[in-house]
Number of protein chains: 2
Amino acid sequence: MKQEIRLGIIGLGQRGWGLYTGVLQHLEHIRVTAVCDLYEDRMDRMVEAVKENRGYEPDRVADYHELLAREDVDTVMIAASWAMHTQMACDAMKAGKAVACEVGGAGSLDDCWQLIHTYEQTGTPIMMLENCCYGRNELMILNMVRQGLFGEVVHCRGGYCHDLRDEVGYGREIRHYRLDNYLHRNCENYPTHEIGPIANVLNINRGNRFVSLYSMASKACGLNEFLRREKGDEYDLTNAKFAQGDMVTTLIKCAGGETIQINLETTTPRAYSRQFEVHGTKATYLEDNQSVYLDTPENKAADFNWKAKWGNIEELREQYEHPIWKKYIEEGVYDGPAGHDGIDWLVLNAFFDCYAEGKPMPIDVYDMATWMAITPLSENSIATGNTVYFPDFTGGKWVTRKPLEL
Amino acid sequence: MKQEIRLGIIGLGQRGWGLYTGVLQHLEHIRVTAVCDLYEDRMDRMVEAVKENRGYEPDRVADYHELLAREDVDTVMIAASWAMHTQMACDAMKAGKAVACEVGGAGSLDDCWQLIHTYEQTGTPIMMLENCCYGRNELMILNMVRQGLFGEVVHCRGGYCHDLRDEVGYGREIRHYRLDNYLHRNCENYPTHEIGPIANVLNINRGNRFVSLYSMASKACGLNEFLRREKGDEYDLTNAKFAQGDMVTTLIKCAGGETIQINLETTTPRAYSRQFEVHGTKATYLEDNQSVYLDTPENKAADFNWKAKWGNIEELREQYEHPIWKKYIEEGVYDGPAGHDGIDWLVLNAFFDCYAEGKPMPIDVYDMATWMAITPLSENSIATGNTVYFPDFTGGKWVTRKPLEL
């Protein structure tokens with residue numbers, strides 16, 4: 001068995017609970033020593049679960065500072081509301097507790113700089129738990145890009161297309177912070193699922209960087225229509241003015257000349273998609289029909305009848321499956337209870353393994369700050385109609401940092 | 001038989017030839033009285049074809065002004081190079097010849113204003129031959145939008161995603177003007193296939209209008225890689241610096257609060273797609289997997305397994321097929337030799353029928369100017385990084401003009 005790592009969990013809502021039940025409860029070497037939430041019932045549920053699964057009770061802590069001060073905590077996992085991530089992560093780094101931080105956008109660029117400065121001052125390991133970087137298709141396409149099959153990549157696309165009208169609209173009932181964000185802010189509020197895998201493909205902060213950004217938001221009417229149907233016309237939120245546009249489209253220009261497009265689409269009815277796309281001089285991948293177009297005469301002949309090739313990524317699976325997924329499947333975990341199709345499993349284990357082995361985190365503080373910065377930058381751009389400039393959070397180090405070994 | 005309409009054709013290259021062989025040669029009531037091109041061999045080919053199919057020889061005219069001066073020409077079809085469209089169309093309107101003009105982008109906003117002013121001064125009918133407005137799926141989705149199935153539309157997407165590396169790269173051999181455009185210009189150079197169907201969905205110039213636009217272009221390397229492979233390193237164009245980015249993404253904001261995204265992607269390997277999408281408060285359509293997501297519990301349950309529903313547009317075909325396509329199929333033309341999946345047939349017949357019946361053109365001069373304006377506006381935005389403002393070519397009439405009966 002691996003050496004024991006003692007973990008404190010901050011934030012026991014939907015996400016903290018999911019990561020525990022989907023992954024942590026199955027990791028023998030992880031001992032949850034303390035749990036923290038503002039709500040008693042969430043702490044009750046978690047303590048009960050650990051007791052039942054593992055036979056011991058973690059301590060309950062109402063104030064996260066107390067959790068960070070404990071000697072029996074080596075690492076912390078932050079799954080609290082978006083607005084608390086930066087402060088909690090910085091406090092944890094200062095306390096010398098390695099941080100696994102859930103995803104979200106920043107409130108302001110200063111949040112991002114705080115993460116950078118605190119990390120550079122303390123040296124405490126921190127990783128953003130961007131599980132979509134471990135998506136099976138995302139990693140396979142990355143593998144193909146690394147092997148040169150896409151030639152020179154010129155454009156990538158991603159999206160967080162997820163019908164969350166219930167989670168937002170019922171925000172009061174389920175105590176979810178999305179509601180207040182949607183009432184007040186208009187931005188790309190959840191950029192990391194879509195940008196993470198793209199940043200890996202384009203070696204962002206490792207020989208390339210995001211230079212400029214532009215965002216445009218549509219009107220907001222999806223939530224009103226949903227609440228009218230679900231709650232009726234008398235319900236106060238039914239006629240509330242939501243600030244958050246139903247569709248936010250963001251364009252990013254990279255130092256290498258590549259362009260990126262990401263969409264946030266969470267308040268209209270549609271099927272889930274991260275709409276990952278990679279467009280290169282030798283191949284194109286579209287998630288929305290899971291096809292890889294390689295530059296062959298056979299594919300050119302199918303130009304107008306591409307429908308027949310939808311899903312052809314499966315034909316390439318055996319040859320190009322990413323080593324991370326090969327190993328994962330070989331080890332038999334895939335058929336187990338891993339959450340979110342295995343991506344939670346892979347991202348959390350990456351954190352614990354890098355921590356244990358003293359290796360650099362695969363999604364480090366520079367990635368975290370850069371990806372989270374998209375939120376305030378998009379807010380600025382939407383409000384002003386301006387192209388906005390990306391800070392270089394690496395302080396110039398991006399020109400010499402080496403591509404991630406992923 | 002319908003009353004005879006006498007047609008002059010200007011531009012007998014790939015497109016003029018295709019429209020003749022695909023559609024015109026089958027229209028008994030259309031008499032091609034004169035044809036015009038800069039190249040003798042193209043005129044030879046066309047005259048021979050008309051002679052063989054119809055038993056008479058149209059006159060050959062080297063100068064299009066001569067063609068416009070002829071008494072035996074009622075209507076003209078312009079299928080010349082992009083750069084000539086405006087001048088030819090304006091000269092034709094001045095000569096009182098109803099104009100069917102092929103698609104393309106404008107060189108400058110002044111081109112668009114010239115079209116408007118000439119039309120308003122002469123009253124000569126003019127229609128842009130935007131065949132994609134007659135696409136079977138585009139019209140069916142429009143039909144569903146008109147019936148309210150999409151609720152309030154908040155976002156649309158389109159694209160001209162067509163691997164034209166051969167057409168551009170071999171531009172010298174095939175005498176195609178795309179080559180010189182790609183060497184010198186960087187813009188959304190072919191906006192109408194993608195924006196036409198969207199403009200119909202959003203009632204542009206008819207209660208709504210495009211207000212602002214932003215474009216971003218990627219680097220250009222697709223053509224160089226293609227030419228290196230096809231022609232070798234010694235070929236002069238292989239190492240040419242192409243101005244045209246491989247991917248141009250354009251965002252448009254509408255007066256009604258809707259957003260639009262269009263892509264131009266013609267110099268990298270990929271399957272053809274117009275990537276038409278409509279996102280509303282009650283439904284979403286994605287061309288890239290030809291699925292319609294209606295806001296039902298069954299579809300919500302399939303959220304993460306939407307793959308099973310790809311292509312489900314076929315299930316809605318019988319109920320929502322657009323009347324234009326129903327008629328087209330009932331008349332048996334569909335199984336005939338109509339070009340481009342019938343869309344050329346439909347667009348040309350719409351022009352001739354409106355002309356004969358004195359009805360307003362379904363794609364009129366205001367649509368034409370507005371759609372063509374995307375090209376210079378995108379050029380400006382790419383060059384400056386600015387959001388640019390859309391002229392109102394209707395002179396304020398858009399606030400009272402009624403939606404198209406389509």
Side-chain angles (χ1 to χ4, degrees), chain A residues 151-152 154-155 162-163 212 214 216-222 224-226 245-249 251-253 256-259 261 263 265 267-273 279-284 286 288-291 293-296 299-300 302-307 309-311 341 385-387, chain B residues 151-152 154-155 162-163 212 214 216-222 224-226 245-249 251-253 256-259 261 263 265 267-273 279-284 286 288-291 293-296 299-300 302-307 309-311 341 385-387:
Chain A
E152 191 164 351
V154 296
H155 182 80
H162 192 180
D163 175 4
S212 64
Y214 185 87
M216 189 182 276
S218 78
K219 60 184 164 186
C221 37
N224 300 104
E225 176 133 344
F226 173 78
D246 289 326
M247 176 72 92
V248 173
T249 311
L251 306 182
I252 297 174
K253 188 77 180 266
E258 305 89 350
T259 52
Q261 179 218 325
N263 287 94
E265 184 183 19
T267 50
T268 47
R270 62 156 296 155
Y272 181 85
S273 172
H279 302 250
T281 56
K282 291 186 175 173
T284 298
L286 304 190
D288 275 338
N289 54 35
Q290 292 184 21
S291 71
Y293 182 107
L294 295 168
D295 194 7
T296 65
N299 285 337
K300 182 68 179 163
D303 197 4
F304 290 93
N305 299 297
W306 191 246
K307 204 173 164 176
K309 303 272 192 168
W310 289 352
D341 222 352
N386 289 335
T387 306
Chain B
E152 191 164 350
V154 297
H155 182 80
H162 192 178
D163 175 3
S212 64
Y214 184 86
M216 189 181 276
S218 78
K219 60 184 164 186
C221 37
N224 300 105
E225 177 134 343
F226 173 78
D246 288 325
M247 175 74 91
V248 173
T249 310
L251 306 181
I252 297 174
K253 188 77 181 265
E258 305 88 350
T259 51
Q261 180 219 325
N263 286 94
E265 183 183 18
T267 49
T268 47
R270 63 155 296 154
Y272 181 86
S273 171
H279 302 250
T281 56
K282 291 186 173 172
T284 298
L286 304 190
D288 276 338
N289 53 37
Q290 292 184 21
S291 71
Y293 182 108
L294 296 167
D295 194 8
T296 65
N299 285 337
K300 182 68 180 164
D303 197 5
F304 290 93
N305 300 297
W306 190 246
K307 203 172 164 176
K309 302 271 191 168
W310 289 352
D341 222 354
N386 288 335
T387 306

I'd like to verify something: which residue of [options] has the highest number of heavy-atom pairs under 4.5 Å with chain B?
options                        : answer
A:T296, A:D246, A:N305         : A:D246
A:G151, A:S212, A:G256, A:G245 : A:G256
A:W306, A:F226, A:F304         : A:F304
A:G280, A:G311, A:S291         : A:G280
A:D295, A:T284, A:T267, A:T268 : A:D295

[X] versus [Y]: any side-chain heavy-atom pair under 4.5 Å?
X      : Y      : result
A:E258 : B:S218 : no
B:Y293 : A:P269 : yes
B:W310 : A:W310 : yes
A:I252 : B:M216 : no
A:N289 : B:K307 : no
B:D163 : A:K300 : yes

Please classify the contact between [X] and chain B as side chain, backbone, both or neither, with a heavy-atom cut-off of under 4.5 Å.
X      : result
A:N299 : neither
A:N263 : side chain
A:Q290 : both
A:A302 : neither
A:L286 : side chain
A:L294 : neither

Is there a side-chain contact (heavy atoms from CB on, under 4.5 Å) between A:Y214 and B:T387 once you walk through the steps? CA-CA 9 Å; A:Y214 185 87; B:T387 306; 2.8 Å; yes

Heavy-atom proximity to chain A below 4.5 Å, by part of [X]:
X      : answer
B:A217 : backbone
B:N224 : neither
B:K282 : both

Run B:E265 and A:H155 through side-chain contact (heavy atoms from CB on, under 4.5 Å) and show every step you take. CA-CA 10 Å; B:E265 183 183 18; A:H155 182 80; over 6 Å; no

Would you check, one step at a time, whether the test side-chain contact (heavy atoms from CB on, under 4.5 Å) holds for A:Q261 with B:M247? CA-CA 11 Å; A:Q261 179 218 325; B:M247 175 74 91; over 6 Å; no

